[in-house]
> 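My questions all concern the structure below.
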Amino acid sequence: MKGNLIVKNASEVVTCSGFSAKRGRQMSALGVIADGAVVIEQGKISRVGASAEVMAELNASGRDLSGFDTIDASGKSVLPGFVDSHTHLVFGGYRADEYAWRLKGDSYMDILQRGGGILSTVAATRRASREELTAAGLKRLDSMLAFGVTTVEGKSGYGLDRDTEIKQLEVMADLNRLHPLEVVPTFMGAHAAPPEYKGREDAYIDYLLKEVVPEVASRRLAEFCDVFCEKNVFSVEQSRRLLTKAAESGLRSKLHADEIVRLGGAELAAEIGAASADHLLNASDEGLYAMAAAGVAATLLPATAFSLREPYARGRFMIDAGCAVALATDCNPGSCFSESIPLVAALAALYMNLAPEEIVTALTLNGAAALGRAQVAGSLDPGKQGDVVVLEHPSYRFIPYHLGVSTVEKVIKGGTLVFDKLNPGGARC
Ligand code: NIG
Ligand code: FE
């Protein structure tokens, strides 16, 4: 029956148990059960434990187990589904030309200043129909699912006008109806000032607050509001004004913070109690300590630093400072065109000095917390969504170790098998 599933005999079940973000040293506590099992009933986790105990209990209960599908996970590791908590997955067109320019030495910000970069994707996204964006989004979600992602955040921000921002968010609602992966929508109208408002950023923030945020909030098209708080994009003052006003309409705050220049985005995130501050390549010590104290998730995007050839965010320092670190792909057509969880994991291990345990927490419970979903996703705790990945290897340690290669064999969403490497195309609700 759909949503009823037993996964048993796993070499390990990695529970990541918890209902809020794990900070600092807590990030290493994974809760590993040897020879483990997970039971999912009507889409929700009902029991996690040693296989022998769980199966003995089920058998002793006299229940008819014919209504359950069963997966024998012998020799395999079983974890919560990954939560990719920062992406820009709905976009028109591509920017392979720009990538080639960057290889020759052009900088990401120079291309944006010349009217390319984000603005080039804005032009393509304005031209694209809702159906075209949905079709492209579905393919991207398939690719993410194969990497073990069961919940993904998606940002608008390639419209920069009312109609196209709303169109992007409506596409995310369509994707939620059409695809098993859950998309958490974020409004990012403040991704850049559009050509119509070039040099008039304050007026553009006024426009967003007056013409777009009220509709986004009243139609519940987004849960979060994000801003590119960056030199020559939006200042700390402009970001503060937008985020505090949007929060009054019920949109929680996120920031692209201190990515290229140290502007004080981390400090602002702590001041306003943002759900997360993301990128943080150039965040100050004080800003990071303030984020740790305020419980703001630090969402790190190492594949973006890799793709831009920028120095990596100081993940090790952040965890040692007591931050809750999450890891995400930042999948977008410009700074990081990748859905690859294994690439993110490998870079976090090799260049941020995160331990495999910390990487797993950052990709599961802390990603869920950055999306306000730590109560329902991100760990294998009874009562949570039955979102599970089965690796083809016996240990979670293979995630960063198998360099850039996905070790995910099966993905289960709400108790239903939705991806199976051994039966491609066969498993799909
Ligand atoms: O997170 N830094 C700003 N925004 C995105 C990139 C968007 C784009 O280049 O299209 C990021 O890297
Ligand atoms: Fe981003």
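Indexing begins at 1, ligand by ligand and atom by atom, following the structure's order.
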> So which protein heavy atom does atom 10 (O) of ligand 1 come closest to, and at what separation?
Tyr158 OH, 2.6 Å
> Can you tell me which residue and heavy atom of the protein come closest to atom 4 (N) of ligand 1, and the distance to 0.1 Å?
His191 NE2, 2.9 Å
> Which class fits the ring pair Tyr204 and Phe234: parallel under 30°, tilted 30 to 60°, perpendicular over 60°?
parallel
> Could you check Tyr94 against Tyr99 for ring pair (Phe, Tyr, Trp, His ring centres under 6.0 Å), going step by step and ending with a plain yes or no?
CA-CA 10 Å; Tyr94 290 97; Tyr99 184 78; over 10 Å; no
> Spell out, as yes or no, whether a donor-acceptor pair under 3.5 Å connects the side chain of Glu12 to the backbone of Tyr396.
yes
> Phe147 vs Phe82, test: ring pair (Phe, Tyr, Trp, His ring centres under 6.0 Å). Steps then yes/no.
CA-CA 8 Å; Phe147 284 119; Phe82 299 134; 9.6 Å; no
> Thinking salt bridges, do Asp69 and Lys2 make one under a 4.0 Å N-O criterion?
no
> I need the nearest protein heavy-atom contact for atom 9 (O) of ligand 1: residue, atom name and distance, please.
Tyr108 OH, 2.5 Å
> Out of Lys22, Arg23, Glu358, which residue meets the side-chain contact (heavy atoms from CB on, under 4.5 Å) rule with Asn366?
Lys22
> Below 4.0 angstrom from a heavy atom of His256, which ligand 1 atoms are there? Numbered from 1 as shown, please.
1 (O), 2 (N), 3 (C), 4 (N), 11 (C)
> Between Asp163 and Arg126, does any NZ, NE, NH1 or NH2 come within less than 4.0 Å of an OD or OE carboxylate oxygen?
no
> Does a side-chain heavy-atom distance below 4.5 Å link Lys44 with Pro382?
no
> By ring-ring contact (aromatic ring centres under 6.0 Å, His included), which residues pair with Tyr351, not counting sequence neighbours?
Tyr312
> Is Glu230 close enough to touch ligand 1? Criterion: a residue heavy atom under 4.0 Å from a ligand atom.
no
> Can you list the atoms of ligand 1 that are under 4.0 Å from a heavy atom of His86?
1 (O)
> Closer than 4.0 angstrom, basic N to acidic O: yes or no for Glu153 and Lys254?
no
> Atom 12 (O) of ligand 1: which protein heavy atom is closest, and how many Å away?
Ser335 OG, 2.6 Å
> Identify, by atom number and element, the atoms of ligand 1 in contact range of Arg95, meaning under 4.0 Å from any of its heavy atoms.
8 (C), 9 (O), 10 (O)
> Are any of the N/O atoms on Thr121, whether in the backbone or the side chain, positioned under 3.5 angstrom from an N/O atom of ligand 1?
no
> Would you mind running through ligand 1 and noting each atom that sits below 4.0 Å from a heavy atom of Ile118?
7 (C), 8 (C), 9 (O), 10 (O)
> What protein heavy atom sits nearest atom 2 (N) of ligand 1, and how far away is it?
Glu259 OE1, 2.9 Å
> Taking the six-membered ring of Phe91 as reference, does the cationic atom of Lys155 (NZ for Lys, CZ for Arg) lie under 6.0 Å from its centre and within 45° of its axis?
no
> May I ask you to decide if Arg240's main-chain N or O and Thr244's side chain share a donor-acceptor pair within less than 3.5 Å?
yes
> Taking the Fe ion (ligand 2) as the center, what protein N, O or S atoms are found at less than 2.8 Å?
His86 NE2, His88 NE2, His256 NE2, Asp330 OD1
> List the closest protein heavy-atom neighbour of atom 11 (C) of ligand 1: residue, atom name, distance to the nearest 0.1 Å.
Asp330 OD2, 3.2 Å
